[in-house]
S.K.: 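Let me begin by handing over the structure; questions about it come next.
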Protein chains: 2
Amino acid sequence: MNNSLSTSPTPAGPAGPAGTAGPAGTASSRVFDHLRKDLVGGCFVAGEKLAINVLKDRYQVGLSPLREALNKLAAYGLLVQENQRGFRVPKLSRDELDDITQVRLEMEGMALERAIANGDSLWEADLLAAAHRLKRVDITLDKGEEWEYLHTQFHRTLVAPCGSVWLLRFIEQLHDQFDRYRRLGPKMPTIRQELDEQHHQLVELALQRDAKTARELMDDHIHKSYEVALKRYQEHV
Amino acid sequence: MNNSLSTSPTPAGPAGPAGTAGPAGTASSRVFDHLRKDLVGGCFVAGEKLAINVLKDRYQVGLSPLREALNKLAAYGLLVQENQRGFRVPKLSRDELDDITQVRLEMEGMALERAIANGDSLWEADLLAAAHRLKRVDITLDKGEEWEYLHTQFHRTLVAPCGSVWLLRFIEQLHDQFDRYRRLGPKMPTIRQELDEQHHQLVELALQRDAKTARELMDDHIHKSYEVALKRYQEHV
DNA sequence: ATAAGTTAAAAAATCGATTATCTTGTTTAA
DNA sequence: TTAAACAAGATAATCGATTTTTTAACTTAT
């Protein structure tokens, strides 16, 4: 996977399931990936203050690489840094969830249209593969990690050939933010069935190059996810 | 000003002209602001590798705060971090300039429409003030810094009440990226007259709540800036 | 000559300890 | 009784030194 924030030419590695960067390079980048995953996955309580010394033990690194990772995460928006009192997990709010969703609708819609215009046949193949892998995940066996990873991958693949590096970057960032809400509480989406059905239809429409309908469906898909996220958020207050 | 990346509750201070964070808190945040300004202002050559020890002297800080700032800037997109070989200034390319411009058109247009829908009368006052200050800058006296700062402020004010924190964040980031091109070479925009005229018209349209025309003008304004940036880029190769 | 191997110098990343700042509980003065 | 002042402990930020990795110059073998 190799997210664009990590230090660039990660040796790739076997690309383990959950977005981890293989054997990985620096200590700093390893903590970054790990912490990012945990923050998005809801391992921390929103608003919580992070005790650096605790993190140091938890992630088995020294202060310097840890602080470097925290600084990156703050610039990325997964942490808030306060003047002389360390880092904390950003609070959640209904308003922000709505905001994120709105912007996602605009940006992912745009990106999808462009991807459908530009994507080649290699893209079609990747898309089919990603959707297939996602569908194949055994809910009973999966601890949630596998589905989450493949879901992210699917959406990444879908918009990948949109032609705009910056659009992709922002979309990724918004996904992380959105998932802080969607992944509150229980592991598996209750309506996975429905969502997977939409994923399948999205592939169909992409292959048919029906940008307009695809975008409508994407809107719908985001709205569905929004409802899940909102419910989770409201139950979690 | 107090950019959203700096550590939050900066004591405000007298808010010096050029985006600096007043007396400022941590060494880390001071270097961050300073480096950000220099990177956007073109003090470094694109593609250049940053020698940490040189920066350490140049900005008068130790390794730790410096590295923390560099890490933040990398997450923000003003630096590229390579696996075990430090930081470098991102290369410039025609493709990227086009990309940035495209996304700016979409996002700032959207933000402007929303701002015009939401902005109250305090906003109208702020807008008039920002435009006025911008117009008043004496080109002969100004070393370029003042105009640049007020220009940024004007555009910030224009979209401020759009209602989306994330949109504002992305727009700010894109501005920084765009300015890496626009501010190549000579200090003052050759067509400042024209640009200031557009600024003035934008205020007019905003006050009249004419969202549609305002957006068209904004598109035009971005296109004009794009031409400046492109020319600068091509001359700078 | 070219390419693989070797090694010394340079640079990046990390560690351990120090310094500065905040927090909290307690005291003291109004 | 309340609020300002203080002091001790906890936490954040920074420094200086060490370790690791890369770079570049120089061999040596094919």
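Each chain gets a letter, A, B and so on, in the order the sequences are listed, and its residues count up from 1. These numbers come from a predicted model, not from an experiment.
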S.K.: I want to check one thing: is the phosphate of D:dT11, taken as OP1 and OP2, less than 4.0 Å away from some side-chain N or O of A:Lys49?
M.R.: no
S.K.: Parallel, tilted or perpendicular, judged at 30° and 60°: which one describes the rings of B:Tyr76 and B:Phe32?
M.R.: perpendicular
S.K.: Measure CZ/A:Arg30 against C1'/D:dT20 and give the value in whole Å, please.
M.R.: 13 Å
S.K.: Output the rounded distance in Å from CD1 (A:Ile52) to C1' (D:dT14).
M.R.: 12 Å
S.K.: Checking B:Arg180 now: which residues fulfil salt bridge (Lys or Arg N to Asp or Glu O under 4.0 Å) with it, not counting sequence neighbours?
M.R.: none
S.K.: Does anything in residues 122-131 of chain B pair up under salt bridge (charged side-chain N to carboxylate O under 4.0 Å, His left out), and if so which pairs, sequence neighbours excluded?
M.R.: B:Glu124-B:Arg209
S.K.: Would you please confirm or rule out a distance under 4.0 Å between OP1 or OP2 of D:dA13 and any side-chain N or O of A:Arg67?
M.R.: yes
S.K.: In whole angstrom, what separates A:Gln81's CD from C:dC22's P?
M.R.: 14 Å
S.K.: How long is the line joining CG of B:Leu66 and C1' of C:dA12, in whole Å?
M.R.: 12 Å
S.K.: I need the CD-P distance between A:Gln84 and C:dT21, as an integer number of Å.
M.R.: 6 Å
S.K.: Rounded to whole Å, how long is the line connecting atom CG of A:Leu70 with atom P of D:dT14?
M.R.: 14 Å
S.K.: Identify which nucleotide among D:dT14, C:dA13, C:dC22 has an atom closest to any side-chain atom of B:Ser28, counting heavy atoms from C-beta outward.
M.R.: D:dT14
S.K.: Can I get a per-line list of side-chain donor-acceptor pairs under 3.5 Å for residues 49-65 of chain B, giving both atom names and the distance, sequence neighbours left out?
M.R.:
| from | atom 1 | to | atom 2 | distance (Å) |
| --- | --- | --- | --- | --- |
| B:Tyr59 | OH | B:Asp38 | OD2 | 2.6 |
| B:Gln60 | NE2 | B:Asp57 | O | 3.0 |

S.K.: I'd like to check the salt bridge (Lys or Arg N to Asp or Glu O under 4.0 Å) partners of B:Arg104; sequence neighbours left out, ordered by chain and number.
M.R.: B:Glu108
S.K.: Once you apply a heavy-atom cut-off of 4.0 Å, does A:Leu50 come out as touching a base, just sugar-phosphate, or nothing?
M.R.: sugar-phosphate
S.K.: Between the side chains of B:Glu68 and B:Arg30, is the shortest nitrogen-to-carboxylate-oxygen separation below 4.0 Å, so that they form an ion pair?
M.R.: no
S.K.: Looking at residues at least two apart in the chain, or sitting in another chain, which of them share a salt bridge (Lys or Arg N to Asp or Glu O under 4.0 Å) with A:Asp179?
M.R.: A:Arg182
S.K.: Can you pull out the residues from residues 53-64 of chain B that lie within a 4.0 Å heavy-atom distance of DNA chain C?
M.R.: none
S.K.: A:Asn83 has an atom CG; how far is it from atom C1' of C:dC22, in whole Å?
M.R.: 11 Å
S.K.: On the nucleotide C:dT21, are OP1 or OP2 found under 4.0 Å from the side-chain N or O atoms that A:Arg85 carries?
M.R.: no
S.K.: Measure from CD on A:Glu68 to C1' on C:dT14 and round the result to the nearest Å.
M.R.: 9 Å
